[in-house]
Asks: 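Attaching a single structure in C-alpha cells format; questions to follow.
Note on naming: letters A, B, ... go to the chains in the order of the sequence lines (proteins, then strands), and numbering restarts at 1 for each one.
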Amino acid sequence: MSGQTDARYQPQDIEPRWQAAWDTGGCFTAKADPTRPKYYVLEMFPYPSGRIHIGHVRNYTMGDVVARYKKSQGFSVLHPMGWDAFGMPAENAAMQQGGHPATWTYNNIAVMKGQMKPLGLSIDWGREFATCDPEYYGQQQAMFLDMLKQGLVYRKNAIVNWDPVDMTVLANEQVIDGKGWRSGAEVERRELTQWFFKISDFAGELLEAIDTLTDWPEKVRLMQKNWIGKSRGLQFAFDTVGAPEGFEALEVYTTRPDTLLGASFAAISPDHPLARALEGANPAIAAFNAECRKTGTTEEALEKAEKKGMDTGIRVKHPFDPAWEMPVYIANFILMDYGTGAIFGCPAHDQRDLDFANKYGLSVVSTMVPMSGDHRLPEEGGEAYVPLKSETVRWTKAFNWPEEATGEQAIDAAIDHCESRGIGQGVTKFRLRDWGLSRQRYWGCPIPVVHCETCGVVPEKKENLPIRLPEDVSFDTPGNPLDRHPAWRNCTCPGCGGAALRETDTMDTFVDSSWYFARFTAPHASTPTDPTEADYWMNVDQYIGGVEHAILHLLYSRFFARAMHKTGHLPAKAIEPFNALFTQGMVTHAIYQTRDDKGRAVYHYPEEVTLRDGGGYLADGTEVQIIPSAKMSKSKRNVVDPVAIIEQFGADTARWFVLSDSPPERDVEWTSAGAEAAWKHLGRVYAMGDRIADMPADQVAEQPGADADLDRAMHRAIDDVTRMIDGFAFNKAIAKLYEFSTIVSKTKASASAQKQAGRVLAQLMAPMTPHLAEELWHRLGGDGLVTEAEWPKADPALLVDDTVTLPVQINGKRKAQILVAADASKEEVEKLALADHSVQRALGGATPKKVIVVPGRIVNVVV
RNA sequence: GCCCGAGUGGCGGAACGGUAGACGCAGGGGAUUCAAAAUCCUCCGCCCUAACGGGUGUGCGAGUUCGAAUCUCGCCUCGGGCACCA
C-alpha cells in the first residue's frame, strides 16, 4: 500500500538524482538554434491559487510528454512556465486575512513552484515570470499605449454590476441571485465610462481565419464561429407615431426581413435611448425599466428571466403600408448591445415573440407554412414555425419571391426588395462585442493614462513606465484602493505639466494572458518582445489547456496577436499564435457524503474513507454515500493532493496514472486503486530492467526465433507508441507500453536482444516516466541521458504480417474466421470463406446471394 | 434560454463504417507461502447450456447500409461556455 513495499523500486531515491542530472546538463534550457527546427509547446499557465491541483499535474504532464518527445526528435524545444498572477482571489484574501495581495500571490507562487518541481517537468525555468511582475505589466502598458495610438483602444459607457451598500463594482460571479455576495444588497446596473479594445474591427477576419486553424478541435472552432456570430440582415427605420421629439424614426435590425409581413409589434431594450427618454414623463415606464435593470448583466440571466414587456403607447408604421400601425413595447429580453437595441416581433416564426404576443394579446400572422404534412398554425394555437433557413417552405406572404423558396432565398430577395424601395439596407452584423478591459480593482495592471482638466485623457509617456501599483494600500473597506490613494492618484499631466489624476481602472486579467506566450520568447527584453526571438520561436506549435477557455481566452489572444502585429510587436506569421490546440478534460473524483442529524450533507476527504466490498466507510464504521466522477472542489472535499501522491508513489507514478486511464480530452477519474496499479507496474518494469541488466552478455536465446520475435514486437511498439503520441492518444500509448513490457518480461531471447528491447522500452517510456526511463537506460548500457537520446525509428519491413485473420459474417453477423495470406486475391478469400465448415454449417445449405470481401478486413456473406 | 461536447461490461476505457469490450482496475479459480502481502498462471459483458454452441448487447426511438458504438433525424441524461471567475 505504500512506496516502501517494494524495497527495490524507490522513486524517492531515483527521481531527485535524475532531476539533478538534467539540471547539471542544462537539458531544458531553450536555445534559439537557427540550424535546427524549433518546437514551442505551451500549457495554459496557472493561476497561483496556493497549491497545485491534480488537474495541473495532468495538464503539465501532457505538455511534458510532447516537449520531451519533440526534443528527442531533434527539435530545439521551448517549454516555459509562468503565473497568471493578477485577479480577484488575491484581493479577497487580503480582505479576509489581511496582508497584501502581492505577498499572498508571491508566496503562493513559491509554494506551487516547489510542488511542481518534483514532477520532473522539462520546463525552462529560466524564462519564468508572473504577470504581476512590474517588468511584465510595464511592457503590457507600453503595448496599451501603442494600441491606443493605433486606434485599437477607446472609451465608451458600459454597464456594470453595482453593489449600492459596498459601493463597489461586482464581477458576475459575485452576484448571487441578483444580490451582492458580501452585502446581500440588491445589485443595480450602473453605467460607467470604460476602456474597450476594438476587437469588433477584427470580427470578420477572426471569423474567416478560423478555417485556417486546422489543428484546433472542431468544437472550439465552431464555438468561436458562433460566438463571433456573423449575420446578414436588413436594417431599416420605422416611422413612429406619438414618440418624443428626436425619435421620429426607430432603427431596427432583423435577420428575418422575409417575415416582415408577419410583424405584429416592435420592441426596444430598456436601455434604448427611447426607453430612457420616456422615463421622465412616465413613472410606470421608469419603474418598469428600473425593474428590468435589476436583472444581472449576463446574457444567461436575461434569457432565463421571465419575458416581460410594457406598452409605450407609441406606434410605428409598417414600412410597406403607412396605415398599418403596430405598438412599441419595451421588453426585458432585448439586448442594447446587439444590433440596434430594437427589433420587430414576428410571433408566427419566433417562439419567444409568440410567447410575448400571447401574453400581451398581440396579433399572430404566419408568412410561411411547411411544404407538406400537418401544420397547426401559430395563430390557431400551434407553436411558432421556425424551419431551417436552408429548408424549402411554402410562402403565404411572400413579397417578391416564388411561393416555394428557402428562407435563404427569401431573405436575399426581401433585402433586394426593401433596398429598391428605399426601405433600409442589407447589412452584415456580428454578435461579437468590443472587449471591455476596465476593472475597478486594485490587483491588476494599471491603465497608463491620466485625466487632465485641460488636456482631457492623456497617455503616459513610455519613459514613465511601468506605472507601478502603490504598495501602501489597505483592503479594510470595499472598493478600489487606488481611488482612495491621493499620493498615487495625483500626478503630473504628461501633456501640459499641470496637475492631473491617474486612471484608477486596471486591466482585465484576460489582457495579461493574451500575450504571455509571446513574452516567453524573450521574457526579459526591454521591449514587449524581441523581434529576433519572436521570429524564431513563434508560433506556439502546441497549446494545451482546458476547454473552458475555448472562447474568451483564445479569442482574445487571437485578437491581441493581430493588435501586436499592427503595433510592431509580433511578426505577421504570428497573427494566429497557436498552430495546434489541444483541450484536455478535468480530473474528477468521487464525493464521499454523509448527512448530519439535520439532514444536511457532510463531505469527507478521500483519506478519511476506507473502501471495501464496493462501499466506503469512515473510521467509526459509518457508511458513506459515494457520488462518482465529480469535478474536484474544496467545498466537496473530493480533492487529492498531488504532493501526497508524489511523496507516496513518486512523480513517475502520478504522471503515468494521469495519462493512462482516460483519453486526454476527456475527464479522468482519480482513483487510489488506479494510482497503485500504476505504481505496481512501474515497479515490475524496474525489476525487469534489473534482471535483464544482470544477464550475462553472452547468454543466447532459449528458444529458436525468440530474438526475431522480440525484434518484431519492438518495432511494432516503436511504431504504435510513436503514432499514439503524435495523435495525442497518451492512454493508448500507455496500453501499448503495457503490452510491450509484458512481451519483454516473457521473452526467451538472448541477452543482447533483451537489453536492446529494454533500452527501447526506456526510450518509449521516457516522455511519460522520465526518471524511471533514465534509470533503465543507464542500467542497460544506454549512452548518456535518455532525455538526450534520439527517438527510435521503426523498420517498416518488420511491421507487415504475411498472414491475416479475417472474420466471416453472414448477413452482418460474425460466424467464423479464416486465416489467409495477406496478399490473397478477393476470389481466393471468397472461396476459402465459403469452404469454411462453420460458414457451411451456418449457411445450412442456403445459396449466398452476394459475397462482399473487404481485403484485409472482413468477408460478409449475404443470403 | 442560447452555443458546444459526452454517454460502450462492476469501473476507467479500446474499436479507418468491417470480429464490440484492446489495455488497465476490480472480482473468481489456481501456484508459491506456516500464514499473509508481494509475485506468477488462468477465467471474466449479460442470458440460456454440463459442454459444443446459441441468443442478446454500445443512453432511448426511428432511419441509411451487405454491415452502424461509429453516419442521419428526433429525444433523454450529464458536462463546458454565455463577454467582470480564471
Asks: Does A:Lys198 pair with A:Asp434 as a salt bridge, N-O distance under 4.0 Å?
Replies: no
Asks: Contact class for A:Phe510 vs. all strands (heavy atom < 4.0 Å): base, sugar-phosphate, or nothing?
Replies: base
Asks: Base, sugar-phosphate, or nothing: which does A:Glu300 touch, judged by heavy atoms less than 4.0 Å apart?
Replies: base
Asks: Strictly by Watson-Crick or wobble contacts shorter than 3.5 Å, is anything paired with B:C75, and which nucleotide is it?
Replies: B:G59
Asks: Should A:Asp719 and A:Arg723 count as an ion pair when the cut-off is N to O under 4.0 Å?
Replies: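 Result for this pair is yes, salt bridge flagged.
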Asks: Any strand counts, and the cut-off is 3.5 Å on both contacts for Watson-Crick or G-U wobble. Which nucleotide pairs with B:C2?
Replies: B:G81
Asks: Which part of the nucleic acid, if any, lies within reach of A:Gln440 when heavy atoms closer than 4.0 Å are counted: base, sugar-phosphate only, or nothing?
Replies: base
Asks: Using a cut-off of 4.0 Å on non-hydrogen atoms, how would the nucleic acid contact of A:Val862 be classed: base, sugar-phosphate, or nothing?
Replies: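 Here A:Val862 touches the backbone only, sparing every base.
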Asks: Could you state the interatomic distance from NZ (A:Lys680) to OH (A:Tyr9), rounded to the nearest 0.5 Å?
Replies: 14.5 Å
Asks: Can you tell me the pairing partner of B:G12 across any strand shown, Watson-Crick or G-U wobble, with both distances under 3.5 angstrom?
Replies: B:C23
Asks: For the pair made of CD in A:Glu665 and C1' in B:G80, what is the distance, rounded to whole Å?
Replies: 14 Å
Asks: Can you tell me how far C1' in B:G10 sits from the matching atom in B:G21, rounded to whole Å?
Replies: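 Pairwise C1' distance, B:G10 against B:G21, rounds to 14 Å.
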Asks: When syn is taken as a glycosidic angle within 90 degrees of 0, is B:G81 syn or anti?
Replies: anti
Asks: Between P on B:C25 and CZ on A:Phe649, what's the gap in Å once rounded to a whole number?
Replies: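 The distance from CZ of A:Phe649 to P of B:C25 comes to 14 Å, rounded to the nearest Å.
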Asks: Indicate, with a heavy-atom threshold strictly under 4.0 Å, whether A:Lys225 touches base, sugar-phosphate, or nothing.
Replies: nothing
Asks: Mind checking if A:Pro46 touches a base, just sugar-phosphate, or nothing, with heavy atoms under 4.0 Å?
Replies: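 No contact.
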Asks: Find the partner of B:C34: check Watson-Crick (N1-N3 plus N6-O4 or O6-N4) and G-U wobble (N1-O2, O6-N3) distances, both under 3.5 Å, and reply none if neither fits.
Replies: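 Because no pair has both required distances under 3.5 Å, B:C34 counts as unpaired.
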Asks: Flag the pair A:Glu299 and A:Lys304 as a salt bridge only when some basic side-chain nitrogen lies within less than 4.0 angstrom of an acidic carboxylate oxygen.
Replies: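 Answer for the salt bridge query: no.
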Asks: Mind checking A:Ile852 for me? I need base, sugar-phosphate or nothing, with any heavy atom below 4.0 Å counting as a touch.
Replies: base
Asks: Considering every strand and a 4.0 Å limit on heavy-atom distances, what is the contact class for A:Ser660: base, sugar-phosphate, or nothing?
Replies: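 Counting heavy atoms under 4.0 Å across all strands, no contact is made by A:Ser660.
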Asks: Does B:A86 have a Watson-Crick or wobble mate here (both distances under 3.5 Å), and if so which one?
Replies: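 Result: none.
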Asks: Provide, to the nearest angstrom, the distance between the NE2 atom belonging to A:His837 and the P atom belonging to B:C52.
Replies: 14 Å
Asks: Which part of the nucleic acid, if any, lies within reach of A:Arg431 when heavy atoms closer than 4.0 Å are counted: base, sugar-phosphate only, or nothing?
Replies: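 Base contact.
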Asks: Does a salt bridge link A:Lys307 with A:Asp355, judged by any charged N lying under 4.0 Å from a carboxylate O?
Replies: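 No, A:Lys307 and A:Asp355 are not salt-bridged.
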Asks: Just call it for A:Lys304: base, sugar-phosphate, or nothing, with non-hydrogen atoms closer than 4.0 Å on any strand.
Replies: base
Asks: Looking only at the side chains, is there a donor atom on one of A:Asp163 and A:Ser183 sitting less than 3.5 Å from an acceptor on the other?
Replies: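 Indeed, the side chains of A:Asp163 and A:Ser183 share at least one donor-acceptor pair under 3.5 Å.
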Asks: Quick one: A:Lys815 NZ to B:G18 C1', roughly how many Å, whole number?
Replies: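 Rounding to the nearest Å, NZ of A:Lys815 and C1' of B:G18 are 16 Å apart.
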Asks: Select base, sugar-phosphate, or nothing to describe what A:Val160 touches, counting heavy atoms under 4.0 Å on all strands.
Replies: base
Asks: Report which part of the nucleic acid A:Asp84 touches: base, sugar-phosphate, or nothing (heavy-atom distance under 4.0 Å, all strands).
Replies: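 Result for A:Asp84 = sugar-phosphate.
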Asks: Grab the CG-P distance between A:Asn731 and B:G13 for me, whole Å please.
Replies: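 Checked: the CG to P distance equals 9 Å.
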Asks: Over all strands shown, is A:Lys849 touching base, sugar-phosphate only, or nothing at heavy-atom distances under 4.0 angstrom?
Replies: nothing
Asks: With both distances under 3.5 Å as the test, what is the Watson-Crick or G-U wobble partner of B:A68?
Replies: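 Per the H-bond distance test, none.
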Asks: Between B:U19 and B:A69, how far is it from one C1' atom to the other, in whole Å?
Replies: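 Rounded to whole Å, the distance is 14 Å.
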Asks: Mind calculating the distance between CZ (A:Arg857) and C1' (B:A15) to the nearest angstrom?
Replies: 9 Å
Asks: Just call it for A:Lys736: base, sugar-phosphate, or nothing, with non-hydrogen atoms closer than 4.0 Å on any strand.
Replies: nothing
Asks: Would you call A:Asp271 and A:Arg293 a salt bridge, using N to O less than 4.0 angstrom?
Replies: yes
